There are 2 protein chains.
Amino acid sequence: MKSVIPVTVVDIKVACSQCNLRELCLPFGLDPNEIDQLDELVGSRRKIKRQQHLYRSGDNFEAIYAIRAGSFKTDVILEDGRDQVTGFQMTGEVLGLDGISTEHHSCNAIALEDSEVCVIPFNRLEELSRTVESLQHQFHKIMSREIVRDHGVMMLLGSMRAEERLAAFLLNMSQRFTARGFSPSEFHLRMTRDEIGSYLGLKLETVSRAFSRFQEEGLVAVQQKHIRILDTPGLKRLLNHHSA
Amino acid sequence: MKSVIPVTVVDIKVACSQCNLRELCLPFGLDPNEIDQLDELVGSRRKIKRQQHLYRSGDNFEAIYAIRAGSFKTDVILEDGRDQVTGFQMTGEVLGLDGISTEHHSCNAIALEDSEVCVIPFNRLEELSRTVESLQHQFHKIMSREIVRDHGVMMLLGSMRAEERLAAFLLNMSQRFTARGFSPSEFHLRMTRDEIGSYLGLKLETVSRAFSRFQEEGLVAVQQKHIRILDTPGLKRLLNHHSA
DNA sequence: AAACAGTATTGACGTGGATCAAAGGGCTCC
DNA sequence: GGAGCCCTTTGATCCACGTCAATACTGTTT
């Protein structure tokens, strides 16, 4: 049973205009007045506990979601049970774009840790982006970025070897942590070896072995999910030189 | 220097309102008056000969392209020379969405046969979609569809075996030919085994062997690039039942 | 009609990553 | 704070696909 709760200081704090993620998110490039309009549109926030679904494949599509705190994975499941992780999402990134095309979500979004998202009703976003040019453009850029990212994953899955895939993954995570003000070289992965493996098209044992190998070679220090990158250029070399 | 050219019969013929691809393309869902507005926006058409680039990775992004005739592939090339075909595009499909995110294209688009595209200047498309709601929505659907398609390819690359990948590819081609009024069971592939292989994350020999195997099993009749599907349910069974 | 280049098929063999298996370690939830 | 379970690591073996190589086909050019 829900009850009406008066607006609290916390609610004000999470307005787009006050949000420290705005440079990474939908408000990027908007002027203060425009951000206020976007604020009104963000109807509510939703907390998702670890392992819970934000949405499921087949759900009606009504809104997209901006991650305020925590992180997610998205996956696609085949009839025979095989599944493929299609992405990992961090704060400031947008979830749910897959649902626009058919009005139904085509993948599952699952929280990797206790998380919070801003709910952005899609019809209202389209409405506002008809009058706010910068919002329209930023939204298009976000969709396009997703397409470009997916092409990168295809490249990875289609033509890289196991260690190259893991190196690419680690460098990508590092870069995204950096963009959020965290250390480029030391971070905590929220996903399991199995989930990394699914994303990279590898089995969890192969991921584990590749981590061990990187450790032996002094490229990274691995302690379970805690990663310290010791030799970034070394990882990059792994990617480009493809010693066949 | 551009000069004003009077409207010719040819120009009228290829207007969106007269185009038999409009149900598959950007005009879908627009009323006649709105289609006329879209028509004005489609500045020019461009013919691309077989093997020529429509755009290259790194090119400035200015327009998206709707395929009027022919077909294309898109690919991404790594520094060390490895490349990955990220998609094959047919009539009515839209190319160039990858360029929105950075204002530069991030892949190459190459004609598989002599082809023709409609050039849609992107800033003018954004402008018009601010006043024409149905155009805005259709454009968003097209971008979202691309994301969903990419997720399907990731599933394919990440967790399917060679024959499953080829079966999925053939069924997908069949469906797209059908949507264009061609036979679902008999068609001509415009791409080489090598290009199919790159798209599916396989070597060309593996693609060729899988074709031969399908032929032995009576699933398809293959004669070089000419394909006749003899047993669609059989191909579908290959996909779902994953006899491990 | 011959010559050619690009494309496709098929065979033999090698290998990277999957699979199977077992043991140890660290979280999570009482 | 302890019990249990999930996660991770590591080893041994297997196999699907890659690699290398030779031959054949097709459509194009002259």
Side-chain angles (χ1 to χ4, degrees), chain A residues 49-52 73 81-85 110-114 156-169 188-217 220-227 238 242-244, chain B residues 49-51 73 81-85 110 112-114 156-167 169-170 188-217 220-227 238 242-244:
Chain A
K49 284 222 162 290
R50 190 175 124 86
Q51 301 285 35
Q52 284 190 340
K73 69 169 175 181
R82 279 181 291 180
D83 70 325
Q84 173 75 25
V85 171
I110 298 142
L112 293 174
E113 59 193 305
D114 294 356
L156 182 149
L157 291 170
S159 41
M160 289 189 184
R161 334 261 256 60
E163 293 188 6
E164 296 176 305
R165 296 185 198 188
L166 188 62
F169 170 74
H188 191 86
L189 297 176
R190 302 335 287 220
M191 67 294 286
T192 67
R193 299 287 189 264
D194 193 36
E195 287 164 335
I196 296 172
S198 174
Y199 180 60
L200 299 180
L202 302 169
K203 291 291 149 180
L204 69 95
E205 295 95 327
T206 305
V207 174
S208 179
R209 276 185 247 268
F211 268 126
S212 301
R213 198 135 211 284
F214 284 178
Q215 178 134 276
E216 280 168 31
E217 290 169 356
V220 298
V222 185
Q223 206 173 2
Q224 306 288 125
K225 290 179 159 134
H226 194 86
I227 307 289
L238 253 181
H242 186 51
S243 54
Chain B
K49 285 222 161 291
R50 189 175 127 87
Q51 300 285 34
K73 69 169 176 182
R82 280 182 288 183
D83 69 326
Q84 173 74 25
V85 170
I110 298 142
L112 293 174
E113 59 194 305
D114 293 356
L156 182 148
L157 290 171
S159 42
M160 289 187 183
R161 333 260 255 60
E163 293 188 6
E164 297 176 306
R165 296 185 199 188
L166 187 63
F169 171 74
L170 289 176
H188 190 85
L189 298 175
R190 304 327 293 219
M191 66 294 286
T192 66
R193 298 287 189 265
D194 193 36
E195 288 164 336
I196 297 172
S198 173
Y199 180 60
L200 299 179
L202 302 168
K203 291 291 149 182
L204 69 95
E205 294 95 328
T206 305
V207 173
S208 179
R209 276 186 248 268
F211 268 125
S212 301
R213 196 135 212 284
F214 284 178
Q215 177 135 276
E216 281 168 30
E217 290 168 357
V220 299
V222 185
Q223 207 174 2
Q224 306 286 126
K225 289 180 161 135
H226 194 87
I227 306 290
L238 253 182
H242 187 52
S243 54

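Note that the coordinates shown come from a computational prediction; the quantities given were computed from them, not determined experimentally. Chain letters run A, B, ... following the sequence lines, proteins first and then strands; every chain starts at 1.
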- Task: Go through the steps for B:V207 and B:F169 under the test side chain to side chain contact (heavy atoms under 4.5 Å, CB included), then give the verdict.
- Result: CA-CA 11 Å; B:V207 173; B:F169 171 74; over 6 Å; no
Between N or O atoms, less than 3.5 Å apart, protein on one side and nucleotides 14-18 of chain C on the other: list the pairs.
{"unit_1": "C:dG17", "atom_1": "OP1", "unit_2": "A:A162", "atom_2": "N", "d": "2.7"}
{"unit_1": "C:dA18", "atom_1": "OP1", "unit_2": "A:K203", "atom_2": "N", "d": "3.4"}
{"unit_1": "C:dA18", "atom_1": "OP2", "unit_2": "A:K203", "atom_2": "N", "d": "3.3"}
{"unit_1": "C:dA18", "atom_1": "OP2", "unit_2": "A:T206", "atom_2": "OG1", "d": "2.2"}

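- Atom CG of B:L200 and atom C1' of D:dG18 are 15 Å apart (whole Å).
- When the C1' atom of C:dA8 is taken as reference, atom NE2 of B:H188 falls 14 Å away, rounded to whole Å.
- Looking at B:L204 and B:T192, their side chains never come closer than 4.5 Å, going by heavy atoms from C-beta outward.
- For the salt bridge (Lys or Arg N to Asp or Glu O under 4.0 Å) test, residues two or more places apart in sequence or in another chain that qualify with B:R190 are B:E113.
- For A:Q51 (side chain) and A:L112 (main-chain N/O), no donor-acceptor pair under 3.5 Å exists by modelled atom type.
- Here the CZ-OG distance, from A:R165 to A:S159, works out to 8.5 Å after rounding to the nearest 0.5 Å.
- Atoms CD (B:E216) and C1' (C:dT10) sit 11 Å apart, rounded to a whole Å.
- Residues satisfying the side chain to side chain contact (heavy atoms under 4.5 Å, CB included) test with B:K203, not counting sequence neighbours, are B:E205, B:T206.
- Rounded to whole Å, atom C1' of D:dA24 lies 14 Å from atom CZ of B:R193.
- Distance A:D194 CG to D:dT9 C1': 14 Å, rounded to the nearest Å.
- Judged as a side chain to side chain contact (heavy atoms under 4.5 Å, CB included), and not counting sequence neighbours, the contacts of B:R50 are B:D114.
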Listed pairs, N/O of protein and of nucleotides 26-30 of chain D, under 3.5 Å:
none

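- Here A:S208 lies in heavy-atom contact (under 4.0 Å) with a base.
- Between the A:Q84 side chain and the A:S198 main chain, a donor and an acceptor come within less than 3.5 Å of each other.
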- Task: Could you give me the CA-CA distance, side-chain angles and deciding distance for B:M191 and B:K73, then say whether side chain to side chain contact (heavy atoms under 4.5 Å, CB included) is met?
- Result: CA-CA 8 Å; B:M191 66 294 286; B:K73 69 169 176 182; over 6 Å; no
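- Following rounding to the nearest Å, B:E195 (CD) and C:dT7 (P) show an atom-to-atom distance of 8 Å.
- Here C:dT7 is the nucleotide among D:dT9, C:dT9, C:dT7 with the atom lying nearest to any side-chain atom of B:K225.
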I'd like a list of close polar pairs between nucleotides 28-30 of chain C and the protein, N/O only, cut-off under 3.5 Å.
none

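- In this structure, A:S212 reaches the D:dT10 phosphate: one of its side-chain N or O atoms is under 4.0 Å from OP1 or OP2.
- For the pair B:R193 (side chain) and B:K225 (backbone), a donor-acceptor distance under 3.5 Å is absent.
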- Task: Would you check, one step at a time, whether the test side chain to side chain contact (heavy atoms under 4.5 Å, CB included) holds for B:L189 with B:I227?
- Result: CA-CA 7 Å; B:L189 298 175; B:I227 306 290; 3.6 Å; yes
